Amino acid sequence: MIEKERPYARLYLVFMVLALSFGAVVAKLAILQLTRTEKGLRAYTSLHSTDVHLTPVRGEIYDRRGLPLAVNRPETILIAEPFNIKNRPEVAAQLAPILKRPAGELLALMNDPRYRMYCRLAKGLDWKTIQEVMELRLAGLRPEEHPQRAYPQGSLAGSVVGFISEGTGVGGLERSYDRTLRGLPTTQKVTAVNQKLRMPDVDYSSVAGLRGADLVLTLDGYLQHVVEEELAAGVAEFSATSGTAILMDPHNGQVLAMAQYPPFDPNRPAAAPDKNLCVSDMFEPGSVMKPFTFAMAFEAGVLSESDVIDCENGRWRYSGPKVITDMHPKGRITAAEVLSESINIGTAKISALLMPQGKDEYALRDFLFKAGFGRPTGCGLPGESGGALRHEWWPIDRATVSYGHGISVTAMQLASRFAAFGNDGLIPQPHLVLGRRSPLTGDFFPEELPPPVRLVSPETARRVLALLHKVTLDGTGKDLKLPGYRFAGKTGTALIPDLRNGGYLEGQYIGSFVGFAPYPEPRFVLLVSLDRPVLHYKHTGKRNWATGGKTAGPVWTRMAERILHYLGVPPDPALLAADVQLARRSS
Amino acid sequence: MNREMRFLGPALVILTMGLVSFGLIMVFSAGAFISFDPDKGGITLWHFSRQLLFVGIGMLAMLFFANYDYARLAQWGRPMLFVVIILLLLVLYSPWGVGVRGGRRWLDLGPLPNLQPSEFLKLAVIIYLAERWSNRQEELRRFFSGVLPNMLLVGLAIGLVLVEPHKSATLILGALVGAIWFIAGGRMLHLFVTGAVFLAAMGFVIANSKYGMERITGFLNQEETASGAGWHATQAQVALARGGLSGQGLGEGLHKVRYIPDPHTDYIFAVVGEELGFLATGGLALVFLAFTWLGVRTAPRRRIASAISWRRAPRCSWPCRRSCT
């Protein structure tokens, strides 16, 4: 049937040519597909995928009882994808009444070439507004939730909590614990996003494993409130320029409250300086340092409470032209009275007692360094100052430092070192963070702390504490009343250095009171310090000698009373009755 | 030969069905992403459903022609050629012509899909020339009085395609005419001279057109033009290379998403290569070669068939094209 003719030979020839070209195609395919390595392709394929940086949800901050101090409050913002919107003027006109923004403004936003793919039309929207927008059924619009930091307690503990900016802590614990709170940032590869396809929204719950840990603070919200409230009232009463207060458990260094005036509201970080005065401001403490001099002397065994010391009637030529004076001159009094009456000359003499024993005159300096003055406490707040304690001492320094001048401390240093007298001589590590809590599992990881540092023996600590109690009985603090409780403390009225002219400012003081309550088993140590308080006598209106005992002292007792009630410390019935009788008699 | 007859028919059907099925799968994969439209409820599968429609039409046509003596097509050669020439004129000079991307190649048929007459021209030229030269072999010996009149007629139609401009179709039509002429027994001198004139003319046109030269320089200097004129070609090659031996897996292709244009038509081979690898692309080439071989073996069964089978083989390059035309 098939005729073997020549034309078919031509047909097969054409087929051969075709087969050869197919072979060439297959060969080229083999070269393309089998010899090119992935590495050689990277230059091209890098165009195909993008890394999306996922910011994990920030950990939250709570007080010791679970009161939220810093939380994430999702904020809803309306996103437009202008390249997906055909009729932008109409969309803008429809949105304007709902978003309460002029249509022209919205249109300008959507027409901005920078925001072609992603344009934030409005933020901070409630769900009702979002629903209204979505009911318009417009293409290219969608709501997006962004976590937003909020501080529900306002300025309560604001300077401790701090604040964030652009997702990074810039003040307070938000800053120093930024790495804990921030969580692990991750990148996710997103490949090949088509123009019509949106990049999938990041579901924050799915990246919760990367969420930052929550912080649980040692602060107690109520105590913080009490301390802040009384401090503000005290600052107002005595027209002080600023004030600080620290409430601490002397047995473990937990800071129960830390207040400052003026307060700081992290919700409005620009409204006030975010400096934490308790750790960043240093001041010459004055008489509140005297117990440390006594502790050193007790510990060295060169002093007993009943030793009689000549206080030179208020004027003592120390060396050359240097003269030490006292406001309330005394003659020969016991060592216990030196502290309770806060006599500078007596204290300076006590600081010299160690010298005949072969100790050099740097004994006090070494003792204070051992106590941790001159370096930050490491309480966990950023910007902490170490105070100023010089290594090179003039002979006069031993005398002045013994009563708290020529040395600068921070409130945090003072309160935590003072705590040793109520903690059997051990300086606790002050801290503000109880621990971290995993938001996923609820596991709690307590803060790891260095062990307490022994300053003096328990016996010495008790002796100092007894002297401090005496201050409140018949010393500079005898006018302070804490009905139903015994307490111990030290007043301080410190001169303020004149940084411009040298020397000290005339008539301006820092009034402080540091004390323990109840005595003899203290539940807390509390420091109150007022900067430049002014005392007006009600009947004359005259400015008066505003000592720490008369300014910071009453603020201290008002705080202490509320704190003791809150802590549930029962008052001593006998004391209470006596106090009531006293009050009746005086009225 | 009867034994081969029994083999040829089923083999042709099986290969066709296999290619059509494979084409459907790949069009689904290649078009799934670009047809995704959130405004229309997300997944639309527009390209796949259209392909399915064309497959249906193609099946009906296949059933019809399976029972049709294709020798009877011969009488339709000349009328078809004239109709197509009219259609080409309509494309160029009537308001129904539709231009896309710098070429006026389609006829707007209202609700129906747009029509590309140059595709029908291929069929018409094959049938016309095959009939002409099967029945009048003597014409092939004389050039001016024998070949030239046919050439002028066909050349007029092909010229209209070139004016559109549609240079690739012009080249394919030229090759088609050359192959039929050669198989029909044309004289080598005529073939060479005509071929030389044709290629020279095409060279002149390409050299003077903007995109034509860009394509060629892009082909020659791929690395340099990778981000410009050679972008698509480079991306297609990257897609192929990414496939490797066994591919990324069906549906796993990346380049169909954005990096190559028209992944469901012109660049579908790149998608096949990326998703199924060299095993599929090489295999597909072999299948097409086998398909061509079946055409060659079928051709001698009737005189005209020797030419007609060419209609199938070289232009059935990619599965989707088959059912589109």
Side-chain angles (χ1 to χ4, degrees), chain A residues 1-50 81 84-86 137-142 189-198, chain B residues 1-2 33-39 134 137 178-180 182-186 226-227 234-245 247 253-259 269 273-274 277-279 281-286 288-289 292-293 295-297 299-301 303 306-307 309-310 313-314:
Chain A
M1 263 176 58
I2 299 284
E3 304 152 282
K4 294 275 179 199
E5 285 179 10
R6 277 194 71 220
Y8 298 129
R10 287 191 171 199
L11 182 57
Y12 291 122
L13 197 63
V14 171
F15 176 77
M16 292 304 286
V17 172
L18 265 168
L20 280 178
S21 30
F22 267 87
V25 167
V26 172
K28 176 72 179 173
L29 280 173
I31 291 169
L32 271 178
Q33 300 201 264
L34 301 181
T35 63
R36 274 207 177 177
T37 57
E38 194 75 32
K39 199 178 169 190
L41 292 171
R42 202 163 290 159
Y44 301 115
T45 49
S46 66
L47 298 164
H48 301 161
S49 59
T50 342
E81 291 162 343
N84 265 339
I85 302 176
K86 279 163 200 140
R137 301 201 168 278
L138 297 169
L141 292 179
R142 67 193 154 94
K189 255 195 170 38
V190 170
T191 42
V193 179
N194 173 285
Q195 281 198 338
K196 282 182 183 172
L197 248 203
R198 295 175 191 134
Chain B
M1 271 307 141
N2 273 343
F33 206 93
I34 53 170
S35 66
F36 187 93
D37 190 343
D39 296 345
S134 310
Q137 291 260 325
I180 295 171
F182 177 72
I183 293 164
S227 57
T234 309
Q235 289 303 319
Q237 290 196 7
V238 173
L240 285 171
R242 204 167 163 264
L245 180 68
L254 198 63
H255 286 68
K256 65 186 180 188
V257 174
R258 191 158 98 188
Y259 299 95
F269 199 61
E274 185 180 12
F278 178 69
L279 293 179
T281 53
L284 208 53
L286 285 181
F288 277 118
L289 193 63
T292 315
W293 176 247
V296 169
R297 292 300 298 167
R301 312 229 157 246
R303 286 187 80 80
S306 65
S309 65
W310 282 106

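None of the values given here were measured: they were computed from a predicted structure.
- In this structure, CD1 in B/I183 is found 12.0 Å from CZ in A/F15, a value given to the nearest 0.5 Å.
- The structure places CG of B/L240 at 12.5 Å from CD1 of A/I31, a figure rounded to the nearest 0.5 Å.
- To the nearest 0.5 Å, the span separating CZ on B/F182 from CG on A/L13 amounts to 4.5 Å.
- To the nearest 0.5 angstrom, A/F22 atom CZ is 9.5 Å from B/L286 atom CG.
- Looking only at distances, no side-chain donor or acceptor of A/Q33 sits under 3.5 Å from a matching main-chain atom of B/L245.
- Between B/R242 atom CZ and A/L32 atom CG the span is 15.0 Å, to the nearest 0.5 Å.
- Side-chain contact between B/F278 and A/V26 is present, with heavy atoms from C-beta onward closer than 4.5 Å.
- Side-chain contact check for B/F269 versus A/L29: some heavy-atom pair is nearer than 4.5 Å.
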